[in-house]
Asks: 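Just dropping this structure here.
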Amino acid sequence: MGSGGLELPPGDDGHEGNSADVPPGAVSLARPMETNSIGPELEWDADAWREVRTRAQRAGRAYIWLNLVEQRLRAVVAAVLRPIYEPVHGDDWVVAAAGPAGQEWVQRAVAVREVSRRKGYLLDPADDNVLSFLTLPQLRELMVQHWPCFEPYVDERRDVELALDELEVTRNVVSRNRALSEAVLSQAERASARLLEILGAGGDVPSARRLPVDAVEDLVGDRYADVVAVHPDRVRLLRQFPAEDIFGNARRLDAIGIGLNLLVQNFSGRRLVRLAEAGCRVRLLFLNPASSAVKRRERELGIKRGELSRAVEMNILHMRRVRARLRDPGAFEIQVFDETPRFTAYLVDGDGSDGIAVVQSYLRRTRGMEAPVLVLRGGSRVVRADQPDGACDGGLFPTYREEFELAWADSRPVS
């Protein structure tokens, strides 16, 4: 007899109290489905997992950019409007700044703040204000309403509004956990970077002109020192970071390796001449093609004897022709070393705070084109959250720069 006074149906055959006859008025209960009939419908295959991971990665990147923009915009609004309204209206200065046109959404923000207070959602006392509960469109509305106050600090209102328009699609997609395409994500990242630049919060890293600072790099940089990119091979490096972006407009270029193919084969001699004539100081350090180290490398790679040495000779001859065309050949130095090559490195503007380095280690059975590539940002110090204030670490860039200088001091010039 059930709790409601209705008789339950009998169980499986063979159980005690089972009867083949179901008395009138009994309630029939559906038996649970077999477990194995549910499993295949709930499982995700490899393709499904790949799709959701891709979605999560894109949404995470977009969220970081949107968060940075919203925090920056909130700080700008507070810096400009608080001194105007707070002396008269006190803590209600945001409500007063919103005015009659924004009464509805500002009151909604006030209500959400009160609910957050009661339920303990305000974990940081600094967020216990109405401004922290305004969304990106509402912050934008405050700027538009008070544009004469912001005009002295922002050159073009249209640029701000266009960037915020581009972010609105991404904001809606991320807030509703919908799929974000690669094109929309790229647009959001460009718009966010442009908006942060307009609002005076652009990257303060000098090398950002050559390798733009990434939002994720700023947040997780303490995990990877000054490594800003890792590519499986040189082909994938050049797809995302072409040789022109690496070497173009350099004022100093130091390179060490076996044949320096990344420079010699991907950056034209004519372009190198113009770069040097514009004032770039170049130091190229090749492995001596006549050394025993070249022969050992040929055996490691399983290539014909003399093949690698001839390729290195051709690269050196090409660079000599470039040097011969310069008015100041002394600014374009070529030398060779005889030691076992351990890595190839291209240090661009390595003597300043805006340097970029492309580094590859030599693997026993892997050609340089196929070896993993690290991209380093020079001139930066890594501040870690678990260290005392002011404590910071150096990155990998100085290590490779020091190795280059030591190898250069032990090398011989090419006439």
Asks: Can Glu166 and Arg194 be counted as an ion pair, charged N to O under 4.0 angstrom?
Replies: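 Looking at Arg194 together with Glu166, the answer is yes, because their closest N to O distance falls below 4.0 Å.
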Asks: Is any NZ, NE, NH1 or NH2 atom of the basic residue among Arg140 and Asp165 found under 4.0 Å from an Asp or Glu carboxylate oxygen of the other?
Replies: yes
Asks: Does a salt bridge link Arg118 with Glu114, judged by any charged N lying under 4.0 Å from a carboxylate O?
Replies: no
Asks: Would you please classify the geometry between the Trp408 ring and the Phe404 ring as parallel, tilted or perpendicular, with 30° and 60° separating the classes?
Replies: parallel
Asks: Using atom types as modelled and distance alone, determine if a side-chain donor or acceptor of Arg61 lies under 3.5 Å from a backbone N or O of Leu185.
Replies: no
Asks: Hey, is Glu277 close enough to Arg325 for a salt bridge, meaning N to O under 4.0 Å?
Replies: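 The answer is no: the pair does not qualify as a salt bridge.
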Asks: Walk me through whether Asp91 and Asn129 qualify under side chain to side chain donor-acceptor pair (under 3.5 Å).
Replies: CA-CA 8 Å; Asp91 292 340; Asn129 56 77; over 6 Å; no
Asks: Salt-bridge test for Arg158 and Glu161: reply yes if a basic N is under 4.0 Å from a carboxylate O, no otherwise.
Replies: no
Asks: Under a 3.5 Å distance rule, please check whether Arg113 uses its side chain to pair with a backbone N or O of Asp128 as donor and acceptor.
Replies: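 Between the backbone of Asp128 and the side chain of Arg113 there is a qualifying donor-acceptor contact (under 3.5 Å).
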Asks: Mind checking whether Leu260 and Asn315 have side chains closer than 4.5 Å, heavy atoms only?
Replies: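 Not in contact.
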Asks: So that I can tick it off, tell me whether Glu405 and Arg401 are bridged by a salt bridge, with the cut-off set at under 4.0 angstrom between side-chain N and carboxylate O.
Replies: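 No, no charged N to carboxylate O under 4.0 Å.
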Asks: Is the shortest distance from a Lys or Arg side-chain nitrogen in Glu298 or Lys295 to a carboxylate oxygen in the other one below 4.0 Å?
Replies: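 Salt bridge absent between Glu298 and Lys295.
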Asks: Counting only heavy atoms not in Phe337, do more than 12 sit closer than 6.0 Å to its CZ atom?
Replies: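 Correct, the count exceeds 12.
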Asks: Inspect the surroundings of CG in Asn177 and state if more than 12 heavy atoms from other residues, nucleotides or ligands are less than 6.0 Å away.
Replies: no
